[in-house]
Protein chains: 2
Amino acid sequence: MLNEKIKLFKALSDPNRLRILKMLQLKPLCVCEVTSLLNLATSTVSKHLHILKEAGFITEKKDGKWVYYYINNNPADKRVNRILMELDFWISDNQQIISDINKIEELDKQLACTP
Amino acid sequence: MLNEKIKLFKALSDPNRLRILKMLQLKPLCVCEVTSLLNLATSTVSKHLHILKEAGFITEKKDGKWVYYYINNNPADKRVNRILMELDFWISDNQQIISDINKIEELDKQLACTP
DNA sequence: GATATATTTCGTTAAATAACGAAATGAGAT
DNA sequence: ATCTCATTTCGTTATTTAACGAAATATATC
């Protein structure tokens, strides 16, 4: 079904989801860290992560109390792999992305994941 | 702006627009031909074509009474070029697309573009 | 210039999407 | 077993998107 093929493009059609992908390429992050970086409601972030996972871009793994999200290193869909490999080609030179990456460096998990 | 980068993915996030791209790769078509093939309202098709044009995938050229749409051979955005070059990679093996292509072969312009 | 006809624009409707906060869930820590 | 959080689900709202038909526009042809 053509609608199935499109899922991938739809997943990439949101600024926040692209930001998440780039973040996770730097290192795996738990939901609360991503939430802190995007400054969105946790429920919203959770949904974005779900969409990215369904499309095959990311995977999750529990670690202690937290669920960490990872870039998927073994995507079933070769197109997903291509996009992940060439992500910079598709969303290069973006100020928002650069700022995100800087924030990740100085991210204090203790602070980000405690109310 | 990240929203600008996304325009390309959004343009690809619709089944009918992907069908149009593949059709035009076979040969240029006027709006009424595309309309006849997609079986949608002409106004709807016109909008899809506009979105594809805005994203840089296609160009238009008047010929007689008709406006013909072409795959853009000189996209300003290198990403657009990549997608056009590798379109089969992104939407391969789709029954709908195959059926469209068959219909184009036996398309009678006279019939398609006259009420 | 008038007419016929293809195409675009406009206004509306229905469906999909993104966001929020609150409530429910689930898994580790006590 | 209970408690404590992080996470997900639910219900709602606002925005965006896709579709239609009717009306407006534009352009060959007569």
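Numbers restart at 1 for each chain; the letters A, B, ... are given by sequence-line order, proteins then strands.
Overall, the helix from C:dG1-D:dC30 to C:dT30-D:dA1 carries an axis bend of 30° between its ends, with five pairs at each end and the value rounded to 10°.
Side-chain atoms of A:S13 come within 3.5 Å of backbone N or O of A:F9 as a donor-acceptor pair. Under the 3.5 Å distance criterion, the side-chain polar atoms of B:Q25 are left unmatched by any main-chain donor or acceptor of B:I20. At least one donor-acceptor pair closer than 3.5 Å links the side chain of A:R17 to the backbone N or O of A:A11.
Here the CD1-CG distance, from A:I101 to A:N94, works out to 10.0 Å after rounding to the nearest 0.5 Å.
Annotation: salt bridge (charged side-chain N to carboxylate O under 4.0 Å, His left out) contacts involving residues 81-91 of chain A, sequence neighbours excluded, comprise A:K22-A:D88, A:R82-A:E86, A:R82-B:E86, A:E86-B:R82. Sorted by first then second residue, the salt bridge (charged side-chain N to carboxylate O under 4.0 Å, His left out) pairs that include residues 55-64 of chain A, not counting sequence neighbours, are A:K53-A:E60.
The shortest distance between the side-chain N/O atoms of A:T44 and the OP1/OP2 oxygens of C:dC20 is below 4.0 Å.
The distance from atom OH of A:Y68 to atom P of D:dT8 is 14 Å, rounded to the nearest whole Å. Separating the OH atom of B:Y69 from the P atom of C:dA6 is a distance of 15 Å, rounded to the nearest angstrom. When the P atom of C:dT9 is taken as reference, atom CD1 of B:I51 falls 12 Å away, rounded to whole Å. Separating the CD1 atom of A:I6 from the P atom of C:dA15 is a distance of 19 Å, rounded to the nearest angstrom. When the P atom of D:dA18 is taken as reference, atom CG of B:N39 falls 18 Å away, rounded to whole Å. As a whole-Å value, the separation of B:N3 CG from C:dT17 P is 17 Å. Atom NE2 of B:H50 is separated from atom C1' of C:dT7 by 14 Å (rounded to the nearest Å). Computed from coordinates, the A:K47 NZ to C:dG21 P distance equals 16 Å when rounded to whole Å.
Through side-chain heavy atoms spaced under 4.5 Å, either directly or across other Ile, Leu, Val, Met, Phe, Trp or Tyr residues, B:W66 is tied to B:Y68, B:Y70. As a member of the Ile/Leu/Val/Met/Phe/Trp/Tyr network built from side-chain separations under 4.5 Å, A:I51 groups with nothing else and remains a singleton.
Remark: B:C30, B:V31, B:C32 in residues 19-36 of chain B come within less than 4.0 Å of DNA chain C through at least one heavy atom. Residues of residues 57-65 of chain A that place a heavy atom closer than 4.0 Å to DNA chain C, in numerical order, are A:K62, A:G64, A:K65. Within residues 7-16 of chain A, the residues approaching DNA chain C are A:K10, A:D14, A:N16, by heavy-atom distance under 4.0 Å.
By the salt bridge (Lys or Arg N to Asp or Glu O under 4.0 Å) test, A:E4 is found to be paired with A:K7, residues two or more places apart in sequence or in another chain being considered. Residues passing the salt bridge (Lys or Arg N to Asp or Glu O under 4.0 Å) test with B:D14, sequence neighbours excluded: none. With sequence neighbours excluded, no residue satisfies side chain to side chain donor-acceptor pair (under 3.5 Å) with B:N72.
Across all strands, B:H48 comes closer than 4.0 Å only to sugar-phosphate atoms, never to a base (heavy-atom distances).
Tracing side-chain contacts under 4.5 Å through hydrophobic residues (I, L, V, M, F, W, Y), one reaches A:F89 starting from B:I6; they form part of the same cluster.
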Acceptor/donor pairs from residues 27-39 of chain B side chains to any protein atom, 3.5 angstrom cut, sequence neighbours excluded:
from: B:E33; atom 1: OE1; to: B:C30; atom 2: N; distance (Å): 2.9
from: B:T35; atom 1: OG1; to: B:V31; atom 2: O; distance (Å): 2.7

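By the neighbour-count criterion of 12 heavy atoms within 6.0 Å, atom CG of B:N74 is sparsely surrounded, having that number or fewer from other residues, nucleotides or ligands.
When the nearest nucleotides of DNA chain C are assigned to A:L40 and B:W66 by heavy-atom distance, the more 5′-ward of the two goes with B:W66.
Distances were taken from every side-chain heavy atom of B:V67 (C-beta onward) to each of D:dC10, C:dT7, D:dC20; the shortest belongs to C:dT7.
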